[in-house]
Visitor: 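One structure, as structure tokens, below. Some questions next.
All figures in this text were calculated on a predicted structure; none of them were measured in a lab. In what follows, every chain begins at residue 1, and chains take the letters A, B, ... in the order their sequences are listed.
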Amino acid sequence: DIQMTQSPASLSASLGETISIECRASEDIYSNLAWYQQKSGKSPQLLIYAANRLQDGVPSRFSGSGSGTQYSLKISGMQPEDEGDYFCLQGSKFPYTFGAGTKLELK
Amino acid sequence: QVQLKESGPGLVQPSQTLSLTCTVSGLSLTSNSVSWIRQPPGKGLEWMGVIWSNGGTDYNSAIKSRLSISRDTSKSQVFLKMNSLQTEDTAMYFCARVDYGSYFDYWGQGVMVTVSS
């Protein structure tokens, strides 16, 4: 199985701060990488797919980058509504696997 | 407007079989694929399996021997059956549409399943 190593496990950011979350795959996943935000008690919401494509309706302060085995999610200007858990997903090879998650809080 | 909604029993006894239904609207199962994903309390997400638009299935090898996914296209429903449940199967179970064969864009609200006697 492809292992997705996500870091950091938790992050505290100030209003307006730019933050990054990383996911490293155990093998090349050819940009088949998505990012999700999950708020407490809710289902995950798709933010980014194909490594760098912004899902419709997602604010432009979210962006994704990377290739091969290294990927990152950037939030340019932390907002209060950005608090939550963030997960990466690799959809390159079965079984699809998720990163362990990053808990993002507003400082 | 695409919607998915999971339903099923909230409590299942150990060693019993779990049966869940995902009812979809705003999309056709003959041209869309649906996956099941679960999340134990306070933990990360685990992909369970997928039923493709052509009716074929793929499963996570970790649970393949216990899992079956099927559908009724006329009722717009996808079914999950998993046998030999144990306490570690306690989780929120989600169904989600698969897009481009590699990510999930629409998710249901989830159904919490507790395995306990």
Side-chain angles (χ1 to χ4, degrees), chain A residues 1-10 21 23 25 28-58 62 64 66-67 71 73 84-103, chain B residues 1-7 10 20 22-24 26 33-52 56-67 69 82 91-113:
Chain A
D1 298 1
I2 295 177
Q3 306 302 315
M4 300 301 294
T5 303
Q6 185 172 341
S7 61
S10 63
I21 299 169
C23 262
D28 195 328
I29 58 171
Y30 305 100
S31 297
N32 289 300
L33 191 286
W35 290 98
Y36 293 87
Q37 177 194 66
Q38 185 179 30
K39 300 199 175 182
S40 182
K42 301 292 187 181
S43 55
Q45 298 296 307
L46 178 65
L47 301 172
I48 300 287
Y49 64 96
N52 59 16
R53 298 194 176 189
L54 191 67
Q55 175 69 351
D56 289 345
V58 175
F62 292 91
S67 62
Y71 299 87
L73 172 72
D85 295 323
Y86 291 79
F87 297 93
C88 61
L89 161 72
Q90 71 80 17
S92 177
K93 187 184 288 187
F94 293 134
Y96 299 149
T97 46
F98 293 87
T102 295
K103 179 175 288 294
Chain B
Q1 180 184 2
V2 175
Q3 291 187 321
L4 300 92
K5 186 173 184 179
E6 306 87 349
S7 59
L20 297 177
C22 173
T23 303
V24 308
S33 305
V34 173
S35 262
W36 287 94
I37 300 129
R38 66 179 178 176
Q39 184 173 35
K43 295 189 177 180
L45 296 151
E46 178 185 33
W47 176 76
M48 301 181 72
V50 59
I51 186 161
W52 299 104
T57 54
D58 282 293
Y59 300 116
N60 189 326
S61 55
I63 52 175
K64 183 176 182 177
S65 63
R66 300 194 291 136
L67 183 63
I69 298 175
M82 189 162 70
M92 183 74 80
Y93 286 76
F94 298 97
C95 59
R97 187 183 84 149
V98 183
D99 204 4
Y100 289 103
S102 65
Y103 62 90
F104 316 116
D105 54 355
Y106 294 96
W107 295 61
Q109 63 191 19
V111 59
M112 184 66 203
V113 175

Visitor: Please confirm whether the ring centroid of A:Tyr96 lies under 6.0 Å from the ring centroid of A:Phe94.
Guide: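 Yes, ring centres under 6.0 Å apart.
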Visitor: Give, as side chain, backbone, both or neither, the part of B:Asp58 having an atom under 4.5 angstrom from any heavy atom of chain A.
Guide: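 For B:Asp58, the contact with chain A is made by the side chain alone.
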Visitor: Under 4.5 Å heavy-atom distance to chain A, tell me which part of B:Gln39 shows up: side chain, backbone, both or neither.
Guide: side chain
Visitor: Please flag which part of B:Tyr106 lies under 4.5 Å from any non-hydrogen atom of chain A: side chain, backbone, both or neither.
Guide: neither
Visitor: Can you tell me which portion of A:Phe87 sits under 4.5 Å from chain B's heavy atoms? Options are side chain, backbone, both or neither.
Guide: side chain
Visitor: Strictly under 6.0 Å, is that where the ring centroids of A:Tyr71 and A:Trp35 end up?
Guide: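 Not close enough - the centres of the two rings lie 6.0 Å or further apart.
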Visitor: Should A:Cys88 and A:Phe98 count as side-chain neighbours, where that means a heavy-atom distance under 4.5 Å?
Guide: no
Visitor: Name the option with the most non-hydrogen atom pairs under 4.5 Å to chain A; the candidates are B:Gly49, B:Ser102, B:Gly108, B:Gly110.
Guide: B:Ser102
Visitor: Could you tell me which portion of A:Gln45 (side chain, backbone, both or neither) has an atom closer than 4.5 angstrom to a non-hydrogen atom of chain B?
Guide: neither
Visitor: Just jot down the side chain to side chain contact (heavy atoms under 4.5 Å, CB included) partners of A:Lys39, sequence neighbours excluded, or say none.
Guide: A:Gln37, A:Lys42, A:Glu81
Visitor: Contact part of B:Tyr103 toward chain A, heavy-atom cut-off under 4.5 Å: side chain, backbone, both or neither?
Guide: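 Both backbone and side chain of B:Tyr103 come within 4.5 Å of chain A.
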Visitor: Side-chain contact test, heavy atoms from C-beta onward, threshold under 4.5 Å: evaluate it for B:Glu6 versus B:Tyr93 and give yes or no.
Guide: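 No, their side chains stay 4.5 Å or more apart.
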Visitor: Does a side-chain heavy-atom distance below 4.5 Å link A:Leu73 with A:Ile48?
Guide: yes
